[in-house]
Amino acid sequence: MRVFADGAKEGSPAALRFRVPSEKADATTVRVDVTLPKGVASTGIPPASGWTRKEIPSPAGGATQIMWTATAGHELKPDEHRYFEVRVGPLPKKASIAFDVAQTYSDGSVADWNERQAGTKMPDFPAPVLVLDAVAAQTEEIRQQATAKPAPTAAASPASVVATQEEAAGGASWLPWTVAGAAVLGAGAVVAIRRRTPPNRA
């Protein structure tokens, strides 16, 4: 599950494109729900051939939900993917924006792509993240990794302390290589890679 937005930057409108893969071998994708966080407002939802679309705004000005449902014969078959687009107003002043996505399969199971990363461990179902400020996002990721690391004990060797610090600064997490991609491709980089079979949540 990924989100793209060519040329996206803080304070400017953007066209968000959610790339949805159908990854279960024995079921098709029949519905996709994207939640726009507070501060991200939909200005238009282009048609998606073979899919109906519905916007459910929050009455309190909070998160907005957008729902696409496949019509008969247009479900996403195993190993297929397609893009769902949402046009939004000026993006908030944030280093990155995470989106919650729920993917419903024909067998009734739902894959909730809404997990945030804490420390260096990649979650099983990471929320797709749009990076707007690569430097600030990387700085925040390094800070989170450093916070998650236990403090070295008094008996720790200098070498182990250095190793811990280096791991915190460049540990095996998604953001460093994503940020590297952002530096090459510009703002609106993509983050979020699926890690396991979708759960059988009804």
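This one's a predicted model, so the numbers in the text were calculated from it and none came from an experiment.
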* To do: Ignoring hydrogens and angles, tell me if any N or O in the side chain of Glu75 forms a donor-acceptor pair with the backbone of Val30 under 3.5 Å.
  => no
* **side-chain hydrogen bond (donor to acceptor under 3.5 Å, both in side chains) against Thr64, all qualifying residues, sequence neighbours excluded** => none
* Pairing residues for Ser106 by the side-chain hydrogen bond (donor to acceptor under 3.5 Å, both in side chains) criterion, not counting sequence neighbours -> Thr28
* Asked: Nearest 0.5 Å, what's the CZ-CZ distance between Arg2 and Arg17?
  -> 12.0 Å
* Residues in side-chain contact (heavy atoms from CB on, under 4.5 Å) with Pro90, at least two apart? -> none
* Could you go step by step and tell me if Trp51 and Leu76 meet the side-chain contact (heavy atoms from CB on, under 4.5 Å) rule? -> CA-CA 10 Å; Trp51 291 65; Leu76 278 180; 4.0 Å; yes
* Asked: With sequence neighbours excluded, what pairs up with Arg31 under the side-chain hydrogen bond (donor to acceptor under 3.5 Å, both in side chains) test?
  -> Asp33
* Asked: To the nearest 0.5 Å, what is the distance between OG (Ser22) and NZ (Lys77)?
  -> 9.5 Å
* To do: Could I get the full list of side-chain contact (heavy atoms from CB on, under 4.5 Å) partners for Ile45, not counting sequence neighbours?
  => Ser42, Arg53, Glu55, Ile66, Trp68
* To do: Compare every heavy atom of Gly39 with every heavy atom of Pro92, then report the nearest pair and how far apart it is.
  => CD-O, 3.7 Å
* Structure fact -> Here the gap from Leu91 atom CG to Leu132 atom CG, rounded to the nearest 0.5 Å, amounts to 5.5 Å
* Euclidean distance, Leu130 CG relative to Lys94 NZ, rounded to 0.5 Å -> 12.0 Å
* To do: Would you list the pairs meeting ring pair (Phe, Tyr, Trp, His ring centres under 6.0 Å) in which at least one residue belongs to residues 7-43, sequence neighbours left out?
  => Phe18-Phe99
* Structure fact -> Note: Gly89 and Thr43 closest approach over all heavy atoms is N-CG2, 3.5 Å
* Asked: Leu36 and Val40: which non-hydrogen atoms are nearest, and at how many Å?
  -> CB-O, 3.7 Å
* Roughly how far apart are Thr29 OG1 and His74 NE2, rounded to 0.5 Å? -> 15.0 Å
* Asp79, CG atom: more than 12 neighbouring heavy atoms under 6.0 Å -> no
* Nearest non-hydrogen partners of Tyr105 and Pro21, listed with the distance -> OH-O, 4.1 Å
* Asked: With a 4.5 Å heavy-atom cut-off, do Met1 and Val20 have their side chains touching?
  -> yes
* Report the residues that fulfil side-chain hydrogen bond (donor to acceptor under 3.5 Å, both in side chains) with Ser12, sequence neighbours left out, ordered by chain and then residue number. => none
* To do: State which residues pass salt bridge (charged side-chain N to carboxylate O under 4.0 Å, His left out) with Arg116; sequence neighbours excluded, sorted by chain then number.
  => Asp100
* With rounding to the nearest 0.5 Å, note down the distance linking NZ in Lys54 to CE in Met67. => 5.0 Å
* Which residues pass the salt bridge (charged side-chain N to carboxylate O under 4.0 Å, His left out) test with Arg87, sequence neighbours left out? -> Glu85
* **Main-chain N/O of Ser109 paired with Asp107 side-chain donor or acceptor, under 3.5 Å** => yes
